[in-house]
Amino acid sequence: MKAASGDMNRRILVIDDNRAIQEDYRKILGASSAGTADLNKAEAVLFDCDPTVIDTDIFEIESAGQGREGLELVRKATRIGRPYAMAFVDVRMPPGWDGVETISRLWQEDTALQVVICTAYSDYSWEEITRKLGKADGLLILKKPFDSIEIRQLASALTAKWDLARRARLTLNELDRLVEARTREVMRARDELQEVNRELAAARDAADAANKAKSEFLANMSHEIRTPMTAILGYAEQLLHGQLSESDNLNALHSIRRSGEHLLQIINDVLDISKIEAGRLEAERIGTSLFQLVRQVQSLMQSRADAKNLQFLVEYDSAIPATIQTNPTRLRQILINLIGNAIKFTDQGSVRLQTRLLDDDPANPMLEFDVIDSGIGMTAEQVARLFQPFTQADSSTKRKFGGTGLGLTISKRLAQMLGGDIAVDSKPGKGSTFRVTIATGPLDGVELIEHPPERAPSGAPTTGPASRGSKHAIRPSPSEEKLDCRVLLAEDSPDNQRLFSLLLEQAGAQVTTTENGKIAVEKALAADLQVRGDESQRHFDVILMDMQMPVMDGYEAARTLRERGYSGPIIALTAHAMAGDRDKCMSAGCNDYLTKPIERGKLIAVVRAHTRAPAVQPS
């Protein structure tokens with residue numbers, strides 16, 4: 001048998017009240033193997049062979065005279081991390097615990113301890129011992145008297161068993177650790193998979209909702225576009241046939257105009273929501289007369305209310321600042337949208353616009369507008385989806401009131417851009433209240449007015465600044481003064497050529513048309529030579545340049561003219577009305593920017609402004 005290795009536990013405890021027996025255990029288990037070695041050498045000489053090598057296990061022996069003393073030794077050994085592998089325990093140890101009770105106490109402290117119970121009497125049967133102790137594993141009985149070989153065999157076997165059990169426990173512990181770690185990984189993977197599944201389900205639901213909303217929106221948009229187009233094309237066909245009376249002709253023209261304005265509003269809503277979603281909608285704040293802005297909104301909406309026999313009231317619940325810092329165009333858009341909806345969803349009763357100043361926080365004063373109607377109202381579920389793009393309180397194909405479902409979304413985003421928000425309070429059959437808040441900007445030194453003045457305070461603009469990039473403050477002029485200028489119109493659409501030419505010529509301008517940028521460049525540069533004595537080659541006072549044309553578009557044409565020294569004013573005509581399109585036109589060399597469709601008054605005003613003063617190159 002090999003000597004004990006460094007990681008083998010050979011610690012043995014002897015519990016016996018007889019000191020002599022304790023010493024016998026020490027001699028047997030701790031004795032030197034020198035005598036055995038001498039016998040092995042003699043054997044080798046006698047039988048002419050190599051001496052037999054038998055390594056003897058050397059055990060570390062500690063002893064106790066009573067069970068309590070032995071228990072304290074076991075506790076201490078366990079506490080310091082040097083437990084005993086086994087114990088020899090005598091049955092009879094008067095006074096105090098006998099061997100069976102001692103073993104029971106020892107196992108309560110160290111369940112791995114291997115035990116040999118030693119007795120010369122039949123104090124207990126094996127069945128009685130196992131019944132008292134509750135188990136038989138780890139227990140042997142040694143009858144006295146016993147010999148040294150038996151003692152050593154028991155010591156070697158039981159310490160080896162203890163070591164194997166320890167290694168098994170370590171292996172099991174490691175397996176438990178690995179299983180636990182693996183279980184954690186599996187649980188984490190399961191949780192991640194569940195989270196992915198939840199995200200996929202949410203994405204699927206969102207995609208389904210988006211597809212449903214898109215389908216409903218497209219169906220709705222198709223209705224909203226085809227309805228006015230039906231009126232436009234139908235009345236246009238009747239006008240072409242020339243079979244209508246003068247009054248019918250006038251009604252047809254008004255219908256065409258109303259339908260065209262409706263289509264333009266749809267396009268503007270779609271453009272606005274696309275700018276908002278892209279984060280590119282701007283709302284520059286300027287000094288604004290609130291009274292004049294509200295008066296303009298009232299004037300625009302009164303006819304709609306009158307058409308439904310509704311009372312439309314404008315009320316001021318507090319003193320109002322003469323001017324505020326806001327974007328008047330966007331604020332007007334919000335109020336018109338909300339009041340228009342209120343009128344649309346109200347069949348009888350009234351629509352009220354209440355305005356008040358909130359000065360609870362002097363550092364951040366706010367204006368509050370309440371649009372109150374006595375209309376059909378909404379449920380909480382309808383209110384919850386009210387501000388989602390492309391949705392309406394009733395999105396079914398049988399809905400009564402029409403609309404694209406974009407106006408409220410746009411209005412809420414605009415209110416947030418102006419430093420406030422929109423909230424709704426509504427009950428079915430009881431009407432709705434839409435509450436708009438916006439920031440006023442600093443009010444230091446601003447007069448607070450108790451009652452609306454007959455006219456807006458002077459110096460308080462209600463419209464936005466001049467076109468960005470333009471060197472002139474261009475606004476439509478009510479003057480009927482005739483134009484006295486020569487215009488080069490570059491436009492590829494024959495219908496638009498005829499329309500713009502007609503409008504400009506009626507205002508007194510001379511118009512030369514061309515269908516693409518390349519010809520426009522050639523004509524502009526040729527006319528700019530100002531050939532003496534040839535009036536037809538007189539230079540053009542202004543160029544109206546469509547930006548999307550074949551052969552050479554307006555951007556390239558404007559850049560080419562500027563590169564070749566052309567200094568006259570160039571005004572961009574474009575259907576591109578997205579954020580950045582203005583800057584793109586200005587960067588190409590244009591002096592101003594008009595978006596299609598273009599109102600007659602604005603077109604003439606812009607041309608007049610640029611032909612009265614020398615053109616200035618855009619910076």
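Note that the numbering runs from 1 along the sequence shown for the chain.
More than 12 non-hydrogen atoms from other residues, nucleotides or ligands lie less than 6.0 angstrom from CD of Gln194. More than 12 non-hydrogen atoms from other residues, nucleotides or ligands lie less than 6.0 angstrom from CD of Glu185.
Looking at heavy atoms from C-beta onward, Leu544 lies in side-chain contact with Val607 at the 4.5 angstrom threshold. Phe500 has its side chain within reach of Ile598: a pair of non-hydrogen atoms, C-beta onward, lies under 4.5 Å apart. Inter-residue side-chain proximity for Val371 and Val436 is flagged as unmet; no heavy-atom pair is nearer than 4.5 Å. In this structure the side chain of Ile422 reaches within 4.5 angstrom of the side chain of Ile334, judged on heavy atoms. Looking only at side-chain heavy atoms (C-beta outward), Val186 and Thr183 stay at 4.5 Å or farther from each other. Counting only heavy atoms from C-beta outward, the side chains of Asp347 and Lys308 approach each other to under 4.5 Å. Two residues are said to be in side-chain contact when any heavy atoms from C-beta on lie closer than 4.5 Å; Thr574 and Gln548 fail this criterion. Side chains of Leu561 and Met545 form a contact here, defined as non-hydrogen atoms less than 4.5 Å apart.
Of the N and O atoms on the side chains of Gln298 and Arg295, not one donor lies less than 3.5 Å from an acceptor on the other residue.
Rounding to the nearest 0.5 angstrom, the gap separating the OG1 atom in Thr326 from the CZ atom in Arg332 is 10.5 Å. Distance CG/Asn327 to CD/Gln333: 9.0 Å, rounded to 0.5 Å. Note: Glu447 CD to Ile449 CD1 = 4.5 Å, rounded to the nearest 0.5 Å. Expressed to the nearest 0.5 Å, how far CG of Asp370 lies from CG of Leu338 amounts to 10.5 Å. The line from CD of Gln354 to OG1 of Thr433 is 8.0 Å long, rounded to the nearest 0.5 Å. Once rounded to the nearest 0.5 Å, the distance linking CD1 of Ile336 with CZ of Arg304 reads 7.5 Å.
The main-chain N or O of Asp583 is found under 3.5 Å from a side-chain atom of Ser587 such that the two form a donor-acceptor pair. In this structure a side-chain-to-backbone donor-acceptor pair under 3.5 Å is missing from Asp373 to Gly431. Distance alone, capped at 3.5 Å, is enough to place a donor-acceptor pair between the Lys482 side chain and the Gln506 backbone. Under a 3.5 Å cut-off, the side chain of Thr611 and the backbone N or O of Arg608 do form a donor-acceptor pair. No donor-acceptor distance shorter than 3.5 angstrom exists from the side chain of Lys430 to the backbone of Gly377, with no hydrogens or angles considered. Counting only distance, with no hydrogens or angles, the side chain of Gln497 and the backbone of Glu491 share a donor-acceptor pair below 3.5 Å. With hydrogens and angles disregarded, a donor-acceptor distance shorter than 3.5 Å links the side chain of Asn197 to the backbone of Leu193. The backbone N or O of Ser350 sits less than 3.5 Å from a side-chain atom of Ser374, completing a donor-acceptor pair.
Ion pairing of Asp495 with Arg498 is present here, as a side-chain N (NZ or NE/NH1/NH2) and a carboxylate O approach within less than 4.0 Å. Ion pairing between Arg559 and Glu556 fails under the 4.0 Å rule for side-chain N and carboxylate O.
Here the closest non-hydrogen pair linking Ala319 and Leu357 is O-CB, 3.6 Å. Of all non-hydrogen atoms in Arg330 and Leu414, the two that sit nearest each other are CD-CD2, 3.7 Å. Closest approach of Arg285 to Met417, counting heavy atoms only: NH2-O, 2.8 Å. The minimum heavy-atom distance between Cys485 and Val487, with the atom names listed, is SG-CG2, 3.9 Å. For Leu488 against Ala520, the heavy-atom pair with the smallest separation is CD2-O, 3.6 Å. Between Asn591 and Pro569, the closest heavy-atom pair is OD1-CA, 3.3 Å.
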inquiry  = Walk me through whether Asn516 and Asp492 qualify under side chain to side chain contact (heavy atoms under 4.5 Å, CB included).
reply    = CA-CA 6 Å; Asn516 64 61; Asp492 64 318; over 6 Å; no
ask   = After noting the C-alpha distance and the side-chain angles of Arg435 and Asp425, does the key distance pass the side chain to side chain contact (heavy atoms under 4.5 Å, CB included) rule?
value = CA-CA 8 Å; Arg435 174 160 291 174; Asp425 181 23; over 6 Å; no
task = Tell me, with the steps shown, if Arg562 and Ile570 meet side chain to side chain contact (heavy atoms under 4.5 Å, CB included).
result = CA-CA 10 Å; Arg562 296 309 185 197; Ile570 303 174; 3.6 Å; yes
request  = Mind running side chain to side chain contact (heavy atoms under 4.5 Å, CB included) on Leu293 and Leu335 for me, showing each step along the way?
outcome  = CA-CA 10 Å; Leu293 186 146; Leu335 295 178; 4.0 Å; yes
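Among the candidates Leu408, Ile372, Asn341, the single residue satisfying the side-chain contact (heavy atoms from CB on, under 4.5 Å) test with Phe434 is Leu408.
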